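Please read all numbers here as calculations on a predicted model, not as lab measurements.
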Amino acid sequence: MTSENAPSSHAPLQPLLHVDVLALRAPTQYWAAPTGEVGSKPVHGVYHGDVRHIREINLSYDGRPLEHIALNRIDSSNLEFISLLRGIDDETADPKVRLRRKISVSDGWVRESLVVESRLQTEIQTRITVRIVPDFAPMQEIKSGTVTPRSWKVEIDGSSVQCQATAGEATFTLAADSDEIIRDGNSLVLDFPLTIAPAGRAEFGWEITLADPTLVVRGAGSNQRWELPDISAAAAVDFRIVCWLNTALADLDALRLALPVAPEEEFFAAGAPWFFTLFGRDSIWAARLALTLNPPQARTTLKVLARLQSDSEDPSTAAAPGKMMHELRSAPLSIPGEKMVLPPIYYGTVDATPLWICLLADTYRAGGISRKEVRDLLPTLRAALRWITDYGDSDGDGFLDYIDKTGHGLANQGWKDSADSIQWRTGELAQGPLALCEVQGYAYEAAVSGAELLRELGETGGQELRAWAQELKANFAQHYWVTTPEGTYPAIALDAQKRPVDTLTSNIGHLLGTGILTREEEAQIAELLTGESMLSGFGVRTLSSDAGGYWPLSYHGGSVWAHDTAIIVQGMAKAGLHDHAMTVVSNLLDMAEGFDYRVPELHSGDPRSETKQPVPYPAACRPQAWSAAAAIVSLEILAAAAVNANKSSNAPAGE
């Protein structure tokens, strides 16, 4: 018999996540099995930032294991597990003694509150034992499946029943309602002797406070504010939007972070468990997709990224003047077994810079940022526009492109950043520098929007930007379109020889609504994306099922990503293709229902004709900020459909 933790002769594996449960409040998270066990799977434990402080929490009573019967997901930060204690119960069929464990998580703090409830008419005595195993393993080791045991030291204060465990600069302080805390080998042990009166209860618990001075992010200090409209009309179109929205907004709230130097400037962390930090592209898209509900994160995300905008060229970090960053960490990111090593602040992203400009324009139009604040960001805007026109095109062909110059950075630097994501229809990998199609759409929209912002502020330079955008649009129309047995559509990219890489992908959906396409071209693309090879029944596939490299469980080569599908939906709506948008939103709602409304980072591209439920991608992060924000886009589409239906029903007869 083998298990996920069993020794194996093959290479270490990334932990699977799909069956486990989580309570979080960024940058702290608590991973457990649905039974409440902590330690039976590689991902389990209590994390703070990029360090897992505790890897195992085991509860027993009188040396016996608990018998789990229920899990209650209270909200994003609170879980409850219910177990039976039949070893001290009577012999009747009805269970009369149970243990309720409530886990509460906030920034740098975890509390486990326990209650033993008895319906017995006699007094009972028992001893609850909690065994806690410190770990202090870095996130990158856990993700790679190569955790190295670490030594740690502990100071126990018997007078106050608390202790402090330390490894390096990371520490946690454990306090308990128990008689004492003892160290037993690699564990800290809490004993709770209990006497429970007839039909009585006993309440007790323990908590930990976690600290790591090396963290480059901190938890949000404010309460999340949403401008929620009346969603009854949208719910009348599809009631499932209420369940999804409630879960999604709670997860987005729990995923908020800030920089220690600017605690008021909050942003959405990318996702749990691996990405509790600032990602340029991810944080921008999450804020942009959520903009309808006007969260302050759109405005503050712009400011956070402006702080970190590069002002110089540095090949070792992929930085260039005006470029927005990709990823922020407290130390270099090195995944054991991989050649990739990223510096603590890394700029290897080709799309975050134009997307920052698009978010600025969208936020200003939505009233989420003042004219004065936009003017304060004018130097950042001009530098970002200059990166697009002067630095983003490495070979002077007029298109934004990328290539890793270090040999240990990201091979692909668009949103599909896995090494095998850019393929020909045959399945062969395209060679860079690569100029992604959607990035040209972002750049066109950014140049036009940037020109409009300059005009609004009474600044010069808009005319030149519009001319640059028109030239990009003409060149795109000339060089990107391909015709294959699947139809006529834009290639995913131009390769190093300027050849259009001919696979049909979801990337083309990001062009919708950017302005780089004609109305006829947008309609043509929408038809392809809602066709059988692209629309799975649970969202839009990243790669056509007719492509040579298609595999439904490929990270970017056939899977479905909720945020990718939501971007496509939003583009369809901007293009006036409302029927197509509704078709895809129905897919998203089916997907959300299949995942109990906590939508993962991605899932399998298996067609609905073959499976009634979406098949998990088992290593997908969950929750993921931009996946959660897909619920807000779906709400927009349903609300618009309700308005249109109402107009139709009220139209005079004969119209």
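- Within a 6.0 Å radius of CD in Glu471, other residues, nucleotides and ligands contribute 12 heavy atoms or fewer.
- Within 6.0 Å of atom CH2 in Trp551, 12 or fewer heavy atoms from other residues, nucleotides or ligands are found, so the atom counts as exposed in its surroundings.
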- [ ] Kindly indicate, with the supporting measurements, whether the criterion side-chain hydrogen bond (donor to acceptor under 3.5 Å, both in side chains) is fulfilled by Thr483 and Thr488.
- [x] CA-CA 4 Å; Thr483 299; Thr488 300; 2.9 Å; yes

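- Residues His326 and Gln413 have side chains not in contact (no heavy-atom distance under 4.5 Å, counting atoms from C-beta outward).
- Arg288 contributes no side-chain N or O that, together with a main-chain N or O of Asp362, makes up a donor-acceptor pair within less than 3.5 Å.
- Considering all non-hydrogen atoms of both residues, Ile516 and Gln440 come closest at CD1-O, 3.6 Å.
- Between Tyr402 and Leu434, some side-chain heavy-atom pair lies under the 4.5 Å cut-off.
- A salt bridge does not link Glu265 to Lys303: none of the charged nitrogens lies less than 4.0 Å from a carboxylate oxygen.
- Note that CE of Met324 is 12.5 Å distant from CG of Asp351, once rounded to the nearest 0.5 Å.
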- [ ] Decide salt bridge (Lys or Arg N to Asp or Glu O under 4.0 Å) for Asp590 and Arg240; before the verdict, give the C-alpha distance in whole Å, the side-chain angles of both, and the deciding distance to 0.1 Å.
- [x] CA-CA 9 Å; Asp590 289 342; Arg240 294 174 297 177; 2.6 Å; yes

Open item on the list: As a quick check of understanding, evaluate salt bridge (Lys or Arg N to Asp or Glu O under 4.0 Å) for Arg375 and Glu456, giving each step before the final call.
Closed with: CA-CA 10 Å; Arg375 179 164 289 283; Glu456 178 76 19; over 6 Å; no

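- Aromatic pair Trp415/Trp561: centroids less than 6.0 angstrom apart.
- Between His556 and Ser506, the closest side-chain pair of non-hydrogen atoms is not below 4.5 Å.
- For the residue pair Asp502 and Thr484, no side-chain donor N or O sits within less than 3.5 Å of a side-chain acceptor on the partner.
- Using modelled atom types and a 3.5 Å distance limit, the side chains of Glu601 and Tyr555 yield a donor-acceptor pair.
- Shown here is Glu459, whose CD atom has more than 12 heavy atoms of other residues, nucleotides or ligands within 6.0 Å.
- Annotation: Lys498, atom NZ; neighbour count of heavy atoms from other residues, nucleotides and ligands within 6.0 Å is above 12.
- Aromatic rings from Tyr480 and Phe399 are positioned such that their centres are separated by under 6.0 Å.
- Looking at Asp495 and Gln431, their side chains never bring a donor and an acceptor atom within 3.5 Å of each other.
- Arg499 CZ: more than 12 foreign heavy atoms inside a 6.0 Å radius.
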Task: Intermediate values then yes/no, side chain to side chain contact (heavy atoms under 4.5 Å, CB included), Gln624 and Leu255 - done: CA-CA 8 Å; Gln624 189 89 346; Leu255 285 167; over 6 Å; no

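- Defined by atom type and a distance below 3.5 Å, a donor-acceptor pair is present between the side-chain atoms of Tyr444 and Gln470.
- Neither side chain, Tyr391 nor Glu313, offers a donor N or O lying under 3.5 Å from an acceptor on the other.
- Ring-plane geometry between Trp626 and His563 is classed as parallel, the angle between the planes falling under 30 degrees on a 0 to 90 degree scale with a further cut at 60.
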